[in-house]
Each structure stands twice: as structure tokens, then as C-alpha cells.
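Everything quoted here is computed from the prediction, not taken from an experiment.
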Amino acid sequence: MSAREASLVIGRSGALRIGIAGIAIESSTFSPHRTTLDDFRVTRGDELLARYAFLAPGAPLTQGVEWVPLLHAVAVPGGPVTEETYEQLAGEIFELLGTAGPLDGVFVDFHGAMSVLGRTDIEAEFVAGIREVVGPEVLLSASMDLHGNVSRSLADTLDLITCYRKAPHTDAWETRERAARNLVTRLRSGGRRPHKAWVQVPVLLPGEKTSTRIEPARGIYALVDEVEAMDGVLDAAIWVGYAWADEPRCQAAVVVTGDDEQVVAAQAKRLADAYWDARDEFEFVAPTGSLAECVERAIASSARPFFISDSGDNPTAGGAGDTSYTLDLLLRMPAITELTTIYAAIVDPEVTATAVGAGVGATVSVKLGGKIDSGPCGPVPLTAEVVAIDPAGAAVVLGVGGLRVIVTARRKPYHLESDFTELGLSPRDADLVVVKIGYLEPELYAMAADWLLALTPGGVNQDLLRLGHHRIERPMFPFDPDLADPDLTPEVL
């Protein structure tokens, strides 16, 4: 018996040892932004362990388990990761795995839609690297975003795999806990590998058309809970896939995991059929229009505050965050500066530094945005008052009449009310709030009296047919709207 095999016998009869690692980012291959190490928040050791509330001392999943935190890196979605950055992060994880001592399992916490320059299917490559270090006996369990991609290689290398069931992702931490719990449960019961029924569905849709707030996604994802509750099933998952990367793995997928091979195969086909059959029913989560149309409708409406999503440059989907198209149009509409309007946000470290140097109350003349993604109009000339500066100097507010433009030194999403109030802005009291976002996150959604989804240009343009995919597998809906019904028979891995 090898030393590793001996450790597994000891672990499964006594204390288990489980490693924690992951690299999490969503990467648009259509964005000119490049993600480097500086974009990632990296945690190791006790700081990484503290990331998971369900692993706090005394929690059920810590009983008889030693969790071994290695390295986790997470970044705001953006453009492709540089090869050097990936190699540094993955290399350190592999090195830490090699020196961690015998492990019974590894909890892999990643997104599933990372792209690395010069690579294809990087999550499958990453997990294969983990497998090479820890060996074939160690169980690997992954938690993913439902906007990730699941190739055959990824599904085959992992032993357990699950993803979010809500969009917006209100169940993200619940999903991570489920992945950890499934791993611990499996190891405690002897570590036998379950069957995995995997099938890809040739559909690629943006998240704004597949929100579980509305049908058909709401009903389809309700089936996941129903399937998971069946005898012989451990877990069930549907991935929408990631629409803004041009890779062969990018499409919807289903995996049902369990001990009854026939049941998991039948239920995986059931879920895949349900998704395919609904392909023509998916619609945007809110009424849409061009930016000009949305702004005009917002101005005419009595609903306040009225939110507009600047969806094409959404940084939490992978947009560069500095496309200036929307700012340019807002400045050309006199009614906007006469109303109380908030625009969040444009990343521009140079302009941020200029405003910080000038100080609150000063007037600055700058060229704002369009320096990463020049888009339709490039940097926009702007003369404005410096209205606010955050204490760290990482964000400023520039004012033109009633328009307040948030400018940041780093790419940052504006999802929470506190993101605004920390800068002295009150979105609840505004007439119009324009946010670089897709579907509204829960706090904004609850705050909005009404909202529209503006179909704007950028690296995450909602009009997928305009982006120019050429590496995805074809035929695929909606690129090939008349394709025949595919064979959705799952493969049991």
C-alpha cells in the first residue's frame, strides 16, 4: 500500500484532510482589457479559511475534518488573464498542494469562465494540474457559477461538480457549502466515486436572458431541486455557459451526479431537454432599447428613482468598465443635467488622480474614459466640479449640473446602496441612475421604481451576433436559429 493510499484509509476512518484552492474570474475575450495579478485578490492560509463561514470552528463540516487552505484568487470579471498571471497563481497552488501532505480531497472554488491568453479550456487544464499533483485517489469537488462552462474534460477530471441555481447569484455561498458538504459526505461514506451524467446543450445565451427571476429559467431551475431530491441522485446542475468568450466549450451544459447510473442519465436528459425546448422562450429580464430610447422613456416616466443598465460595458460580466459611449450621450442631452442623475461608473485612474489633486470644489477639465475600450467615441472631454472624493482617493464624483459621474481608479461594480452613499450620493433620491450592469443586483432591484436594460456597445454587448464568434461549436442557437433538434443523450463518466 502506498503512503497516499494509507493516508486515505486513515482519513476515512478518522480525521479527513481537505485542501482548498481556486482561481475565479469571468473573462470576456471580446474585451480589450487584460487581467493581471494586480487585478486579483489573493488569500492564503487562515485568511482563506476565514472566507468560508460554513467552515468556522465548531461548524458541522469541521467535525473530524482538517481543512487545509492553500490559495484562492478572485478578480472582478474582465478581459483575458495574461499567461504569466495564470502561471504564477496556478504554479503556486500546485506547489502548495505538493507540500501540503496527504489529502483526502480538494475543494476547488472557481468561476468556470476564465480565459487565458493562448490557452483553451483553462479550468479543465487547471483541474488536470491539481489531479496530477494529488493523484487519482483524491476526490475533487468544484463549486462554479452557472455562467461557467463545462467541457467533457472538466467534467471527467472532477469527481463532484455543482453550480449556482439563482441569477442574480443569491445562492453563491450556499453552493460553495453544498460542494464542500458533498465532498465531506462522500469521503465519510468511503470515498466511492459517483456516476456523472454529462451533456452539453448547443445554446449560448447572455445571463440577462436567463435570469431565474422570470420564466422559463425560473421553472427550469426549479426542476434541479426536484431532481436532486430523487433517490440515487447526489447533485444536479445546469450551466447557462458564458456568452462573451469565443471558445469551443462555451455553451449550456447539464451534469447530474449520483450512485444510480440509470437515474442520473435519465434526469440529465430531462434537464437538457427542458433547456433546449425553451430556447425560443428566453427573453431579456427587463424591457430593452437603445440607450437614447431608454433615457427618453426614463425622463418621460414619473417613476423615481428610474434605473437604466448600461449593459454592454458591465464590468461584472467582463466589460472594460471605461467605454464612454453612454457618458457622451448623457452629456448631449440637456434634460439629464437638469435632473438629478447618477452615472456609475467609469474607470480612469488618470482622471481620478487629477480630481484628487484638485480637491473637492475645484473645477477640472479632463478627457474621461475610452482609454482601455475606445468603443464608438474614445475619451470624452469634460469640464466638471469635483463633488466628492472617497477617503482612499480611489473614487471621485464629478458634477455637471445635476449629473454626477463616478470615476474610479480601479474597475469596480456598483451593486450596493453603500457603494453610492459612501460617496455622498443618494440613489433613492435621484431621478435617474445609470449603472454599468446587466440585470440589477438585489439591492438595486428593490430600490428601483422602474428600470430598463439599455443595449449599449462594449465587450459584453448583449447582441451576441454582432460580436463575431468564430471558435464556438456550430451549429448553435441563436447563431443558427433553424438547427435541427440535437442528440441530448448524456454521457455517463
Side-chain angles (χ1 to χ4, degrees), residues 18-29 31 33-45 47-52 67-100 103 105-134 138 140-151 153-155 157-158 160-164 169 172-173 175-176 179-180 183 239 242 244-245 247 249-250 315-318 411:
I18 301 175
I20 305 172
I23 307 173
I25 184 176
E26 196 173 43
S27 307
S28 168
T29 60
S31 173
H33 175 261
R34 295 294 178 260
T35 301
T36 66
L37 191 62
D38 187 54
D39 293 299
F40 282 93
R41 179 178 184 267
V42 180
T43 52
R44 305 170 178 85
E47 186 183 9
L48 171 53
L49 195 60
R51 169 178 164 84
Y52 305 96
W67 291 91
V68 183
L70 303 168
L71 180 150
H72 186 267
V74 60
V76 172
V81 178
T82 64
E83 187 172 21
E84 178 184 13
T85 297
Y86 171 74
E87 288 290 346
Q88 184 168 340
L89 293 171
E92 184 175 345
I93 288 172
F94 300 154
E95 182 178 348
L96 289 169
L97 281 166
T99 58
L103 297 172
V106 179
F107 167 41
V108 186
D109 180 3
F110 58 18
H111 182 284
M114 174 169 60
S115 290
V116 173
L117 294 170
R119 308 289 185 93
T120 299
D121 199 6
I122 194 64
E123 272 90 5
E125 184 178 329
F126 174 63
V127 171
I130 293 175
R131 174 64 73 199
E132 184 176 352
V133 176
V134 302
V138 176
L140 307 182
S141 179
S143 167
M144 296 176 63
D145 191 305
L146 63 83
H147 297 126
N149 306 292
V150 183
S151 66
S153 178
L154 179 62
T157 306
L158 290 165
L160 302 162
I161 181 171
T162 192
C163 72
Y164 309 160
H169 306 318
W173 290 100
T175 300
R176 294 183 179 98
L183 177 57
W239 286 260
Y242 181 63
W244 296 293
E247 297 182 5
R249 63 180 176 146
C250 295
T316 52
R411 297 166 65 254

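- Counting only residues at least two apart or on different chains, the side chain to side chain donor-acceptor pair (under 3.5 Å) pairs with a member in residues 18-29 are Glu26-His111.
- Judged by distance alone, the side chain of His72 and the main-chain N or O of Asp109 form a donor-acceptor pair under 3.5 Å.
- Put simply, the side chain of Val74 does not reach to within 4.5 Å of the side chain of Ile25, judged on heavy atoms.
- Inter-residue side-chain proximity for Arg44 and Pro69 is flagged as unmet; no heavy-atom pair is nearer than 4.5 Å.
- Screening Val150, Ile130, Leu140 for a side chain to side chain contact (heavy atoms under 4.5 Å, CB included) with Leu158, the sole residue that qualifies is Leu140.
- The minimum heavy-atom distance between Ile161 and Trp239, with the atom names listed, is CG1-CZ2, 3.6 Å.
- By the 30° and 60° cut-offs, the orientation of the rings of His169 relative to Tyr164 is tilted.
- In this structure, Glu125 places its CD atom where more than 12 heavy-atom neighbours from other residues, nucleotides or ligands lie under 6.0 Å away.
- Screening residues 68-82 for salt bridge (Lys or Arg N to Asp or Glu O under 4.0 Å) gives no qualifying pairs among residues at least two apart or on separate chains.
- Inter-residue side-chain proximity for Thr162 and Met144 is flagged as unmet; no heavy-atom pair is nearer than 4.5 Å.
- Between Tyr52 and Phe107, the two ring planes are perpendicular [angle over 60°; tilted spans 30° to 60°].
- The pair Glu47-Arg41 counts as a salt bridge, with a side-chain nitrogen and a carboxylate oxygen less than 4.0 angstrom apart.
- A search for salt bridge (charged side-chain N to carboxylate O under 4.0 Å, His left out) contacts involving Glu132 returns nothing, not counting sequence neighbours.
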